[in-house]
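Report on one structure; see the data block that follows.
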Amino acid sequence: MDEQPRLMHSHTGVGMAGHPGLPQHMQEGTGGTDGDGRKQDIGDILQQIMTITDQSLDEAQARKHALNCHRMKPALFNVLCEIKEKTVLSIRGAQEEEPPDPQLMRLDNMLLAEGVSGPEKGGGSAAAAAAAAASGGAGADNSAEHSDYRAKLSQIRQIYHTELEKYEQACNEFTTHVMNLLREQSRTRPISPKEIERMVNIIHRKFSSIQMQLKQSTCEAVMILRSRFLDARRKRRNFNKQATEILNEYFYSHLSNPYPSEEAKEELAKKCAITVAQVSNWFGNKRIRYKKNIGKFQEEANMYAARTAVNAANASSHGSQANSPSTPNSAGGYPSPCYQSDRRIQ
DNA sequence: ATAGATGATTGAGT
DNA sequence: ACTCAATCATCTAT
């Protein structure tokens with residue numbers, strides 16, 4: 001701040017008597033004969049300053065210019081410097097260097113892990129692959145789901161990045177705007193660089209809290225997407241007809257002991273193009289549902305029994321298989337089915 | 001739109 | 001580890 005000539009000593013007072021914020025010398029003196037003119041000047045300046053925000057931009061600009069050129073301006077500047085010194089609006093060290101917010105760190109880590117905030121490709125597909133592995137589905141048939149997941153994830157990532165960029169840009173714009181404003185104001189009132197720095201910090205904190213909200217909602221979106229992708233129930237597809245027939249064939253031809261061994265399960269899984277776990281699920285469901293309502297499955301049982309009987313007949317070529325599949329519930333001759341229904345067909 | 005079918009999950013029992 | 005039983009979430013046929 002340049003040295004300002006001290007024009008205001010010994011006169012003054014002027015319409016601000018007893019103002020608590022003003023230095024002593026401003027509040028004493030009654031104004032001499034030529035004090036009236038200065039009184040008027042200072043009154044004008046203050047009036048203009050007080051009303052400057054009520055005016056349009058152009059008006060304000062003109063007013064500001066007029067103020068800067070006003071002959072009393074250096075004096076006012078000095079006074080403001082003194083007030084500032086006295087009121088000690090000191091910028092204390094002020095809780096700077098705030099420790100990194102743990103929640104923000106969590107969010108950042110998660111976004112990184114999910115491949116949202118990290119490098120363009122690598123992380124994302126890794127996370128998706130992990131998710132795919134966790135879902136336990138057959139590698140081949142969930143590739144569609146997988147790409148769907150990836151597409152949605154990259155959609156989220158794109159939104160995240162554009163939003164983030166927007167915020168950063170807005171933050172920078174706003175910061176430079178405020179800094180320019182402060183710099184300009186520093187011509188009329190004393191502003192230390194420290195104050196500007198503090199103001200910038202405040203702005204950055206505000207914007208980073210907005211960013212945190214963005215990160216939070218992005219995390220939520222990813223979590224929802226992930227849970228949908230991982231919960232196989234949500235993307236359940238019925239097995240194709242052929243697979244169901246293979247499974248049913250085995251079930252009804254082993255009705256007395258419908259518990260396929262590990263090897264049998266593997267074989268069935270391969271034939272049906274599903275996983276061993278899915279075979280186990282299927283048999284678990286089938287057993288319990290068959291047992292619960294044998295009547296309902298009677299027709300199905302008869303059908304498969306007949307089919308296996310026919311197959312057996314064909315397989316043994318013309319082996320004079322006289323016994324027609326008229327007793328299908330015997331399930332091709334399997335002994336004492338464990339879920340044997342009491343009623344016979346027809 | 002709805003009921004029933006169906007594949008997956010969960011928790012208890014062995 | 002495997003199965004049962006209940007339940008969930010979705011699919012499918014009506």
Side-chain angles (χ1 to χ4, degrees), chain A residues 110 113-114 127-153 155-156 219-308 328-332 334-346:
Chain A
M110 183 185 155
E114 294 297 334
S135 79
D141 73 345
N142 71 0
S143 63
E145 306 283 338
H146 188 192
S147 71
D148 191 36
Y149 175 86
R150 277 230 303 253
K152 291 203 168 114
L153 188 70
Q155 202 179 333
I156 291 174
C219 274
E220 276 168 27
V222 171
M223 289 309 282
I224 289 168
L225 176 65
R226 212 176 147 81
S227 75
R228 277 181 188 276
F229 182 70
L230 287 179
D231 189 350
R233 280 183 293 199
R234 289 183 188 279
K235 51 154 197 166
R236 181 176 74 75
R237 296 285 115 87
N238 288 354
F239 298 153
N240 63 40
K241 210 170 165 189
Q242 200 182 352
T244 312
E245 288 198 358
I246 292 168
L247 293 167
N248 271 319
E249 223 162 88
Y250 187 99
F251 180 80
Y252 286 111
S253 62
H254 297 74
L255 206 49
S256 61
N257 185 32
Y259 295 86
S261 65
E262 186 60 29
E263 299 83 59
K265 281 181 189 170
E266 277 168 23
E267 171 110 14
L268 285 167
K270 194 180 275 184
K271 272 198 216 164
C272 301
I274 59 178
T275 66
V276 173
Q278 283 177 304
V279 173
S280 296
N281 283 339
W282 190 91
F283 273 88
N285 283 324
K286 190 72 184 182
R287 282 191 299 263
I288 196 74
R289 283 164 185 165
Y290 181 83
K291 191 177 86 173
K292 258 187 175 171
N293 193 348
I294 293 175
K296 195 175 79 184
F297 288 94
Q298 198 64 64
E299 204 176 324
E300 191 178 71
N302 293 338
M303 199 190 87
Y304 280 101
R307 190 179 300 186
T308 48
N329 205 29
S330 63
Y334 288 97
S336 58
C338 67
Y339 298 141
Q340 186 61 281
S341 113
D342 285 336
R343 49 194 138 139
R344 302 265 133 193
I345 44 168
Q346 281 138 351

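Numbers restart at 1 for each chain; the letters A, B, ... are given by sequence-line order, proteins then strands. All heavy atoms count here, side chains included; hydrogens, waters and symmetry mates do not.
Taking 3.5 Å as the limit, the base of B:dA5 and the side chain of A:Asn238 contain no donor-acceptor pair of atoms between them.
With sequence neighbours left out, the side-chain contact (heavy atoms from CB on, under 4.5 Å) criterion links A:Asn285 to A:Arg289. With sequence neighbours excluded, no residue forms a ring-ring contact (aromatic ring centres under 6.0 Å, His included) with A:Phe239. Checked against salt bridge (Lys or Arg N to Asp or Glu O under 4.0 Å), A:Lys286 has the following partners two or more places apart in sequence or in another chain: A:Glu300. Legend: residues meeting side-chain contact (heavy atoms from CB on, under 4.5 Å) with A:Cys272, ordered by chain and number and at least two apart, are A:Ala243, A:Ile246, A:Leu247, A:Ile274. Under the salt bridge (Lys or Arg N to Asp or Glu O under 4.0 Å) criterion, A:Glu245 pairs with A:Arg307, sequence neighbours left out.
Of the two residues near DNA chain C, A:Asn285 and A:Ser280, the one whose nearest nucleotide lies more 5' is A:Ser280.
Within the helix from B:dA1-C:dT14 to B:dT14-C:dA1, the inter-axis angle between the opening and closing five-pair segments is 10°, rounded to 10°.
Residue-level contact check: A:Phe283 touches neither bases nor backbone, having no heavy atom under 4.0 Å from any strand. A:Asn281 comes within contact range of at least one nucleobase, with a heavy-atom separation under 4.0 Å.
The side chain of A:Lys286 contributes no N or O atom lying less than 4.0 Å from OP1 or OP2 of B:dT6. Not one side-chain nitrogen or oxygen of A:Lys292 sits closer than 4.0 Å to the OP1 or OP2 atom of C:dC4. Put simply, A:Gln278 has no side-chain N or O that comes within less than 4.0 Å of OP1 or OP2 on B:dG7. Between A:Arg289 and B:dT6, a side-chain N or O to OP1/OP2 separation shorter than 4.0 Å is absent. The side chain of A:Arg237 contributes no N or O atom lying less than 4.0 Å from OP1 or OP2 of B:dG7. For A:Lys265 and C:dT3, the shortest distance from a side-chain N or O to OP1 or OP2 is below 4.0 Å. Regarding contacts with the backbone of B:dA5, a side-chain N or O of A:Lys296 is found under 4.0 angstrom from either OP1 or OP2.
Between the C1' atom of B:dT6 and the CD1 atom of A:Ile274 lies a distance of 13 Å, rounded to the nearest Å. Nucleotide C:dA6 holds its P atom 14 Å from the CG atom of A:Asn293, rounded to whole Å. Residue A:Lys241 contributes atom NZ, which lies 19 Å from atom C1' of B:dG7 at whole-angstrom precision. Summarising the geometry, the separation between CD on A:Glu300 and P on B:dG4 is reported as 18 Å, rounded to the nearest angstrom. Protein atom CD of A:Glu245 is 13 Å distant from nucleotide atom P of B:dT6, rounded to whole Å. Atoms CD1 (A:Ile288) and C1' (B:dT6) sit 15 Å apart, rounded to a whole Å. Whole-Å rounding puts the A:Arg236 CZ to C:dT7 P distance at 18 Å. In this entry the distance linking CZ of A:Phe297 with P of B:dA5 reads 8 Å, nearest Å.
Residues A:Glu262 and A:Glu266 are in side-chain contact: their nearest non-hydrogen atoms beyond the backbone lie under 4.5 Å apart.
Going from atom OG1 of A:Thr275 over to atom CG of A:Asn281 covers 7.5 Å, rounded to the nearest 0.5 Å.
In this structure, of C:dT3, C:dC2, B:dA8, it is C:dT3 that holds the atom nearest to the side chain of A:Tyr259.
Within 6.0 Å of atom CD in A:Glu267, 12 or fewer heavy atoms from other residues, nucleotides or ligands are found, so the atom counts as exposed in its surroundings.
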